Amino acid sequence: IREFDDAFTINTLGFKNRAEYYAKTNLKGFVSEMKCPTLLLISEDDPFTRPHHFPIKEAMQSQNMAIVTLPEGGHVSFLTGWDAKESFADRVVLDFFENAL
């Protein structure tokens, strides 16, 4: 992933280098600045983000962030059911915003 970020991501998004990209896209250190209800849905098997990167302690102290950690879900899918036609994220996101606002 680092090689991909060096070759593609940082150039596409206009960052100077990988370190700047990772620093500016990491939630750690920024959770306390969030002023609107925010839901962070993360998966422990995410191939791009490891659990030690998750801002769990900060989220637990935040009045504006809810964090849901699941053992599986990949990077963005969170598919459920035998046919994988539904997404767990769809239900959780709708429920969050119906109750958070």
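Worth saying up front: this structure is predicted, and the values here are computed from it rather than measured.
For the side chain to side chain contact (heavy atoms under 4.5 Å, CB included) test, residues two or more places apart in sequence or in another chain that qualify with M34 are L27, T38, M65. Scored by the ring pair (Phe, Tyr, Trp, His ring centres under 6.0 Å) test, F15 finds Y21 as partners (sequence neighbours excluded). With sequence neighbours excluded, the residues that form a side chain to side chain contact (heavy atoms under 4.5 Å, CB included) with A66 are L39, F96. Partners of K24 under the salt bridge (charged side-chain N to carboxylate O under 4.0 Å, His left out) rule, at least two apart in sequence or in another chain, are E20. Qualifying salt bridge (charged side-chain N to carboxylate O under 4.0 Å, His left out) partners for E72, counting only residues two or more places apart in sequence or in other chains: none. D95 is linked by a side chain to side chain donor-acceptor pair (under 3.5 Å) to N99, counting only residues two or more places apart in sequence or in another chain. In terms of the salt bridge (charged side-chain N to carboxylate O under 4.0 Å, His left out) criterion, residue partners of R18 (sequence neighbours excluded) are, by chain and number, D6. For F54, the ring pair (Phe, Tyr, Trp, His ring centres under 6.0 Å) test picks out no residue, with sequence neighbours left out.
Evaluation of the side chain to side chain donor-acceptor pair (under 3.5 Å) test over residues 54-67, restricted to residues two or more places apart or in two chains, returns none.
I56 and V68 are members of different hydrophobic clusters when ILVMFWY side chains are connected at heavy-atom separations under 4.5 Å. In the hydrophobic cluster analysis, where Ile, Leu, Val, Met, Phe, Trp and Tyr join through side-chain heavy atoms closer than 4.5 angstrom, V92 is grouped together with F97.
Taken to the nearest 0.5 Å, the CZ atom of R2 stands 13.5 Å off from the CD1 atom of I10. Taking CG from D5 and CG from N17, the interatomic distance works out to 11.5 Å, rounded to the nearest 0.5 Å.
Applying the under-4.5 Å side-chain rule to Ile, Leu, Val, Met, Phe, Trp and Tyr, the cluster around F8 extends to F4.
The minimum heavy-atom distance between I67 and A59, with the atom names listed, is CG2-CB, 3.8 Å.
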Taking distance alone, no hydrogens or angles, what donor-acceptor pairs closer than 3.5 Å link side-chain atoms of residues 40-47 to residues at least two apart or in another chain?
from	atom 1	to	atom 2	distance (Å)
S43	OG	D45	N	3.3
S43	OG	D45	OD1	2.3
S43	OG	G73	N	3.0
S43	OG	G74	N	3.4
D45	OD1	G73	N	3.0
D45	OD1	G74	N	2.8
D46	OD1	F48	N	2.7
D46	OD1	T49	N	3.3
D46	OD1	H75	ND1	2.9
D46	OD2	H75	ND1	2.9

